[in-house]
A.B. asks: 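Okay, here's the structure, questions in a sec.
Here the structure is a predicted model, which means the values were calculated and not measured. The basis for the numbers below is simple: all heavy atoms, side chains too, and nothing from hydrogens, waters or symmetry mates. Counting from 1, the numbers follow the sequence of the chain as shown.
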Amino acid sequence: MAVKVGVIGGGRFGTNHLRTFAQLAHSGRVKLVALADVNPKVLEEQRRAFGVKGYENYEEMLSKEEIDAVTIVTPDHLHREIAITSANSGKHILVEKPLDVTVSGCTEMIDAAKRNGVLLQVDFHKRFDPDFIELKRAIISNKLGRIEYGYAWMEDTIEVPSKWFPKWAPNSSPAWFLGIHFYDLVRWLMESMPKRAYATGVKHKLASMGIDAFDSIQAKVEFENGSSFFFDTSWILPESFPAIVNQGLRVVGSEGTWEVDSQNRGVEACTTSEGPKTFNTHFIREGKDKFGRTVFHGYGIDSIVDFVENVEFLQSGAKIGDLTGRYASGEEGRIATSMAVAIHRSIAEGRVTDVELPKS
Ligand SMILES: NC(=O)c1ccc[n+]([C@@H]2O[C@H](COP(=O)([O-])OP(=O)(O)OC[C@H]3O[C@@H](n4cnc5c(N)ncnc54)[C@H](O)[C@@H]3O)[C@@H](O)[C@H]2O)c1
């Protein structure tokens, strides 16, 4: 039985959701039913690319179409209401990161999913990166001993906030858009809760371009296991940087260190047309299947496939509780949001602050 899917938000990353569902439809695992986007131009482009039916109003899509599950790929601050409405319509939900930009918003989403007995999953795809899966195995098997400290960095080129989404960049930040990936990853790797945060932020370059958003945010977070991590995030690297994003993670334990350069996986190129380039070959790789159809592989696809697998599991009679600990849940999305909220609060107040975690 195919999982019937609707996508809400068909912009840059929505395209990645659409292509994942389109290729799962080849084998009959998914039926891509419809796309909702407030922008008719986007609907027309995606209709041409994927043959997908479009709705300008997602509520109309939810009420008119027979859909089992939705994925929400709208701007960071516009996930909450759509997720709650989708949960109230009985749909399983995959939400792009961050789950929401407020802790109370996350709680409302979690409660709505629980009330309606639907799955609420967050697209934290770094958990599917093979290099981080290997690192988690090393941590679980105690190869690194007691984790003492670490450093994560994630930096986009300036075209991301200034050309891709200048309108909603002020509603986001390098912490919300980028840091959240690593806040979740580090907590998930160590299975330890965040305790306190201290952060500084700079508003300079984007502000001078008329975009009221942080250029960069540097945060230090302490965890309950006694470790502390620095998280450097920014989205102002020059457009001439060899990749759209520079990112990686270094972990130091009592028995060893582990470092993942998740941007440069060892492939470096320089061409007349594009200049120097590095490639995150694990993220999204384009290829062809046996029938000559374009297909994509990588952890950017795997985490969306995981959502489909979870819905299939539920449709085969399993309960949501059977999935506990096996997917990026709404509750875990809320922990990452709590970290980002504490980081922004620390910047605003200029002092160390507790990461406030709801009890449930
Ligand atoms: N996992 C990743 O690697 C990754 C990468 C990029 C973006 N994202 C996340 O995906 C989300 C979208 O980012 P993007 O880069 O695709 O942004 P985008 O601006 O390219 O696309 C957002 C789309 O949502 C549509 N939209 C806005 N309000 C809507 C509504 N009420 N109903 C329906 N559609 C609506 C817009 O018209 C637009 O087409 C963000 O939360 C972002 O953080 C994740």
Side-chain angles (χ1 to χ4, degrees), residues 9-23 26 35 37 39 41-52 73 75 96 123 125-126 128-132 152-169 172 174 177-178 181-182 204-206 208-211 213 215-216 232-249 259-304:
R12 253 168 216 281
F13 213 67
T15 302
N16 193 50
H17 286 234
L18 290 166
R19 59 163 69 127
T20 304
F21 297 132
Q23 71 195 47
H26 294 158
L35 165 70
D37 197 295
N39 185 342
K41 235 178 93 203
V42 168
L43 292 176
E44 178 50 23
E45 276 167 18
Q46 302 297 26
R47 187 191 63 75
R48 269 190 267 122
F50 297 96
V52 65
V73 207
E96 262 312 320
D123 187 22
H125 56 207
K126 292 207 177 298
F128 293 80
D129 181 329
D131 290 346
F132 291 132
W153 62 99
M154 191 161 185
E155 301 153 335
D156 273 354
T157 61
I158 195 158
E159 76 179 272
V160 173
S162 68
K163 294 187 182 158
W164 289 13
F165 46 77
K167 283 199 191 122
W168 63 266
S172 183
F177 190 71
L178 302 169
H181 279 296
F182 279 98
H204 168 65
K205 188 165 173 109
L206 288 169
S208 75
M209 298 163 71
I211 299 170
D215 290 346
S216 56
D232 284 5
T233 58
S234 75
W235 47 13
I236 47 140
L237 297 193
E239 287 189 32
S240 54
F241 194 80
I244 284 280
V245 52
N246 183 36
Q247 53 180 334
L249 176 67
E259 193 160 335
V260 177
D261 183 338
S262 42
Q263 180 47 46
N264 183 346
R265 310 275 182 162
V267 181
E268 296 180 12
C270 185
T271 60
T272 307
S273 55
E274 295 185 339
K277 286 268 175 242
T278 59
F279 304 91
N280 177 6
T281 45
H282 291 4
F283 182 34
I284 297 173
R285 300 183 304 278
E286 184 173 332
K288 295 276 182 206
D289 70 7
K290 300 284 176 226
F291 302 94
R293 296 175 295 214
T294 299
V295 286
F296 297 87
H297 302 279
Y299 67 83
I301 306 293
D302 294 345
S303 59
I304 302 172

A.B. asks: Specify the closest pair of heavy atoms between I211 and P166, including all atoms of both residues, with the distance to one decimal.
C.D. replies: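 Shortest heavy-atom contact: CD1-CB, 4.0 Å.
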A.B. asks: Could you grab the distance from atom CG of N246 to atom OG of S234, nearest 0.5 Å is fine?
C.D. replies: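 OG of S234 is found 8.5 Å from CG of N246.
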A.B. asks: Considering only heavy atoms from C-beta outward, does the side chain of H204 approach that of I236 to under 4.5 Å?
C.D. replies: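 A side-chain contact under 4.5 Å is absent here.
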A.B. asks: Taking it one step at a time, do T294 and K288 satisfy side chain to side chain contact (heavy atoms under 4.5 Å, CB included)?
C.D. replies: CA-CA 5 Å; T294 299; K288 295 276 182 206; 2.9 Å; yes
A.B. asks: Answer whether the closest heavy-atom distance between the side chains of W235 and T157 falls below 4.5 Å.
C.D. replies: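 Side-chain contact under 4.5 Å: no.
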A.B. asks: Taking side chain to side chain donor-acceptor pair (under 3.5 Å) as the definition, give me every residue that meets it alongside S303, ordered by chain and number, with sequence neighbours left out.
C.D. replies: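 Checked S303 against side chain to side chain donor-acceptor pair (under 3.5 Å); matches are D123.
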A.B. asks: Indicate yes or no: does E44 engage K41 in a salt bridge with an N to O separation below 4.0 Å.
C.D. replies: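 No, this pair does not count.
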A.B. asks: Measure the CD1-OG1 distance between I304 and T20 for me, rounded to the nearest 0.5 Å.
C.D. replies: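 Those atoms lie 4.0 Å apart.
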A.B. asks: Indicate whether the side chain of T233 and that of E155 have a donor and an acceptor atom separated by less than 3.5 Å.
C.D. replies: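 On atom types as modelled, these side chains do not qualify, holding no pair under 3.5 Å.
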A.B. asks: Starting at OG of S216, measure out to CG of D232 and round the result to the nearest 0.5 Å.
C.D. replies: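 Spacing of OG (S216) from CG (D232) equals 8.5 Å.
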A.B. asks: Verify the distance criterion only: is there a donor paired with an acceptor across the side chains of E96 and H17 at less than 3.5 Å?
C.D. replies: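 The answer is yes; a qualifying pair exists.
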A.B. asks: So, for A243 and Q263, which heavy atoms are closest and what is the spacing to 0.1 Å?
C.D. replies: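 Distance-wise, the nearest heavy atoms are CB-NE2, 3.2 Å.
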A.B. asks: Within the side chain of D261, is there an N or O that forms a donor-acceptor pair under 3.5 Å with the backbone of G248?
C.D. replies: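 Flag not set: sc D261 to bb G248 has no pair under 3.5 Å.
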A.B. asks: Apply side chain to side chain contact (heavy atoms under 4.5 Å, CB included) to the pair I158 and M209, showing each step before the final yes or no.
C.D. replies: CA-CA 11 Å; I158 195 158; M209 298 163 71; 3.8 Å; yes
A.B. asks: Please check if the side chain of D37 supplies one atom and the backbone of V42 the other of a donor-acceptor pair under 3.5 Å.
C.D. replies: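 Here the side-chain-to-backbone pair does not exist.
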A.B. asks: Hey, is the main chain of R293 close enough, under 3.5 Å, to the side chain of D289 for a donor-acceptor pair?
C.D. replies: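 Judged by distance alone, yes, a pair lies under 3.5 Å.
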A.B. asks: Identify the two heavy atoms, one from L178 and one from M154, that lie closest to each other, and give their separation to 0.1 Å.
C.D. replies: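 Nearest pair, atom of L178 first, then M154: O-SD, 3.6 Å.
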A.B. asks: Yes or no on side chain to side chain contact (heavy atoms under 4.5 Å, CB included) for F291 and H26, after CA distance, side-chain angles and deciding distance?
C.D. replies: CA-CA 10 Å; F291 302 94; H26 294 158; over 6 Å; no
A.B. asks: How long is the span from the OG atom in S162 to the CD atom in E239, to the nearest 0.5 Å?
C.D. replies: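 One finds 6.0 Å between OG of S162 and CD of E239.
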A.B. asks: Could you report the tightest heavy-atom contact between R285 and G298, atom names first, then the distance?
C.D. replies: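 Answer, listing the atom of R285 first, then G298: NH1-CA, 4.1 Å.
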A.B. asks: For the backbone of A169 and the side chain of S172, can you confirm whether one donor and one acceptor N or O come within less than 3.5 Å of each other?
C.D. replies: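 Side chain of S172 to backbone of A169, a donor-acceptor pair under 3.5 Å: no, none is there.
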A.B. asks: Can you say whether the rings of F13 and F283 are parallel (under 30°), tilted (30 to 60°) or perpendicular (over 60°)?
C.D. replies: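 Parallel.
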A.B. asks: Do you know the tightest heavy-atom contact between G9 and L35?
C.D. replies: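 Here G9 and L35 meet closest at C-CD1, 4.0 Å.
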A.B. asks: Does the side chain of Q46 reach to within under 4.5 Å of the side chain of L18, using non-hydrogen atoms?
C.D. replies: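 Result yes, sub-4.5 Å side-chain heavy-atom pair found.
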A.B. asks: For K277 and T271, which I'm curious about, is there any donor-acceptor pair between the side chains at under 3.5 Å?
C.D. replies: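 No.
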A.B. asks: Could you walk me through whether I284 and N16 pass side chain to side chain contact (heavy atoms under 4.5 Å, CB included), step by step?
C.D. replies: CA-CA 9 Å; I284 297 173; N16 193 50; 3.3 Å; yes
A.B. asks: Would K126 and Q247 count as having a side-chain donor-acceptor pair, cut-off 3.5 Å?
C.D. replies: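 Yes, a side-chain donor-acceptor pair sits under 3.5 Å.
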A.B. asks: Would you say the side-chain atoms of Q23 pair up with the backbone N or O of F296, donor to acceptor, closer than 3.5 Å?
C.D. replies: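 Indeed, once roles are kept as given, a pair shorter than 3.5 Å links the two residues.
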A.B. asks: If you look at every heavy atom in L249 and A152, which pair is closest and at what distance?
C.D. replies: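 Nearest heavy atoms, L249 then A152: CD1-CB, 3.8 Å.
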A.B. asks: Do V245 and N280 have side-chain heavy atoms sitting under 4.5 Å apart?
C.D. replies: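 Contact flag for V245/N280 side chains = no.
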A.B. asks: Answer whether the closest heavy-atom distance between the side chains of P276 and E268 falls below 4.5 Å.
C.D. replies: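 No, side chains not in contact.
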A.B. asks: Kindly indicate whether the side chain of T278, heavy atoms from C-beta on, has any atom under 4.5 Å from the side chain of V267.
C.D. replies: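 A side-chain contact is absent here, since even the closest heavy-atom pair is not under 4.5 Å.
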A.B. asks: Nearest 0.5 Å, please: how far is CG in D156 from CZ in F177?
C.D. replies: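 Going from the CZ atom of F177 to the CG atom of D156 covers 6.0 Å.
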A.B. asks: What's the separation between atom CZ in F182 and atom CH2 in W153, rounded to the nearest 0.5 Å?
C.D. replies: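 The CH2 atom of W153 is 7.5 Å from CZ of F182, to the nearest 0.5 Å.
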A.B. asks: Under a 4.5 Å cut-off applied to non-hydrogen side-chain atoms, are I244 and E159 in contact?
C.D. replies: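 Counting from C-beta outward, I244 and E159 do come under 4.5 Å.
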A.B. asks: Taking atom types as modelled, find out whether D131 and Y299 have a side-chain donor-acceptor pair closer than 3.5 angstrom.
C.D. replies: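 Checked: D131/Y299 side chains show no N/O donor-acceptor pair below 3.5 Å.
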A.B. asks: With the side chain counted from C-beta on, respond yes when S262 and D129 share a heavy-atom pair under 4.5 Å apart, and no when they do not.
C.D. replies: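 Counting from C-beta outward, S262 and D129 do come under 4.5 Å.
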